[in-house]
Amino acid sequence: MQEHHPETPGKISDAPMNGREIEARIAEAKEALGSRVLILCHHYQPDIIARFADHMGDSLHLSRLAASRKEARYIVFCGVYFMAETADILSAPEQEVYMPDPGAGCPMADMARLDQVERCWRELTERVGETILPITYVNSSAEIKQFCGRHKGVVCTSGNAAKVMDWAFEQAPRVLFLPDQNLGRNTALAKGIPKEEIALWDRRKAELQGDPDRARVILWDGFCPVHVRFTPEQVIGLRTQHPGIRIIVHPECTETVVRLADGSGSTEYLIREVREAESGSVFAVGTELRLVKRLASTLPDRTVYPLDEEHSICIDMSRSTPERLLVVLEGLLQGQAPGRIQVSAETAEWSRVALERMLAIS
Ligand code: 13P
Ligand code: SF4
């Protein structure tokens, strides 16, 4: 696993504080920091954190904000590690990025280590030469993004993966798609690329499953442990229980779940679909539970069911707690906050190239 998980910051005080006290102190610290702080919050964050966000968004939206809001000296990123790294890479050099808990990682991002990717690349290029270009989903470490930047490649998010893949095919006849096999496969299949032209790199055996000469898309074998829990049976079961229901899912779900659903797309797509539907519409949404519940509570004239109520919480997203947020904000006021995320200048240089290629395409 990646060595990115630093210690969780300590407690604010030994005296127990109740939830209301903590929230009041967060609000006070935020007000005292004023425009010096920008709190960015991913849609999967708990409500208790979301209420302090200056902006909520999916990873593409939050990346754009980090790149454009140069006035805030401090960016506090409530999400997971790769998102805060991305914010650090895209923000101005004088801006500082913090997380309530830098120990919040993404298991999918940890499934692609630089040494593994370099080995795969060596073996593939020995076989197919310069005919291949790497794309990494933003859910990856800064090291993997820098690898893509150096090799003429690019980053994508679930919101722009199709466009980015089109761009990649204008540069080269083949792509290596990292680290999410499901997003890569679902994007390729939606473009009409036949299954025989999609191969899979087994990272543990360090070998390709499929025909390297025929393959146009080579998938890394990573996956999101939350989104692969959704099953075809759940989709079929909900359709039987609620005839007329519209089932929409995130493209990190498996190919079968995506095929059985009525639509699939990024977090912003899922929100837009429900928001723009007629009053009275009935949905099931296959993604992280907190986003689905927030959709249901903020749009009460639609019925929104989670595709799976039991297994769809991202544990790492739960690591931002009000207490940890308070430690960072009060630390910033005192000039010594924990939880700073700093990507080394060398890694940042090439990962920025890959990220900026993406921002120019989408
Ligand atoms: P988005 O790119 O849609 O924000 O998704 C990020 C993520 O971690 C999904 O699991
Ligand atoms: Fe990573 Fe999945 Fe959590 Fe998203 S939901 S942060 S992909 S583990």
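Start at 1 and go down the list; that is how both ligands and their atoms are numbered. Heads up: numbering here begins at 1 and tracks the sequence.
D54 has its side chain out of reach of L40: every pair of non-hydrogen atoms, C-beta onward, lies at least 4.5 Å apart. Taking 4.5 Å as the limit, some side-chain heavy atom of Q116 sits within range of a side-chain heavy atom of R113.
Within the listing of ligand 2, atoms 8 (S) sit less than 4.0 angstrom from a heavy atom of P107. The N139 neighbourhood of ligand 2 comprises atoms 4 (Fe), 7 (S), with distances under 4.0 Å to a heavy atom of that residue.
Atom 3 (Fe) of ligand 2 has an N, O or S atom of C314 inside 2.8 Å of it.
Under the 3.5 Å distance criterion, the side-chain polar atoms of N160 are left unmatched by any main-chain donor or acceptor of K163. Judged by distance alone, with hydrogens and angles left aside, the side-chain atoms of T347 form no donor-acceptor pair with the main-chain N or O of V343 at under 3.5 Å. Formation of a donor-acceptor pair under 3.5 Å by the S312 side chain with backbone atoms of E309 is not found in this model.
Ion pairing between D262 and R239 holds under the 4.0 Å rule for side-chain N and carboxylate O. Salt-bridge annotation for D166 and K191: present, with a side-chain N of the basic residue lying under 4.0 Å from a carboxylate O of the acidic one.
Using a 4.0 Å heavy-atom cutoff, D316 is absent from the residues neighbouring ligand 2. Residue H42 places every heavy atom at 4.0 Å or more from ligand 2.
Near ligand 1, H42, Y44, D58, S59, Y137, N139, S158, H227, H250, E252, T267 each place a heavy atom less than 4.0 angstrom from the ligand.
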What do the steps show when you test F147 against W350 for ring pair (Phe, Tyr, Trp, His ring centres under 6.0 Å), and what is the final call? CA-CA 7 Å; F147 171 90; W350 281 105; over 10 Å; no
Start with the C-alpha distance between Y305 and H242, add both sets of side-chain angles, then the distance that settles ring pair (Phe, Tyr, Trp, His ring centres under 6.0 Å), and finish with yes or no. CA-CA 10 Å; Y305 295 106; H242 308 280; 4.4 Å; yes
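In E252, the part holding a heavy atom less than 4.0 Å from any atom of ligand 2 is the side chain.
Side-chain N/O atoms of R302 and S281 include no donor and acceptor closer than 3.5 Å.
Annotation: atom 2 (Fe) of ligand 2 to nearest protein heavy atom, C224 SG, 2.4 Å. Looking at atom 1 (Fe) of ligand 2, its nearest protein heavy atom turns out to be C106 SG, 2.4 Å.
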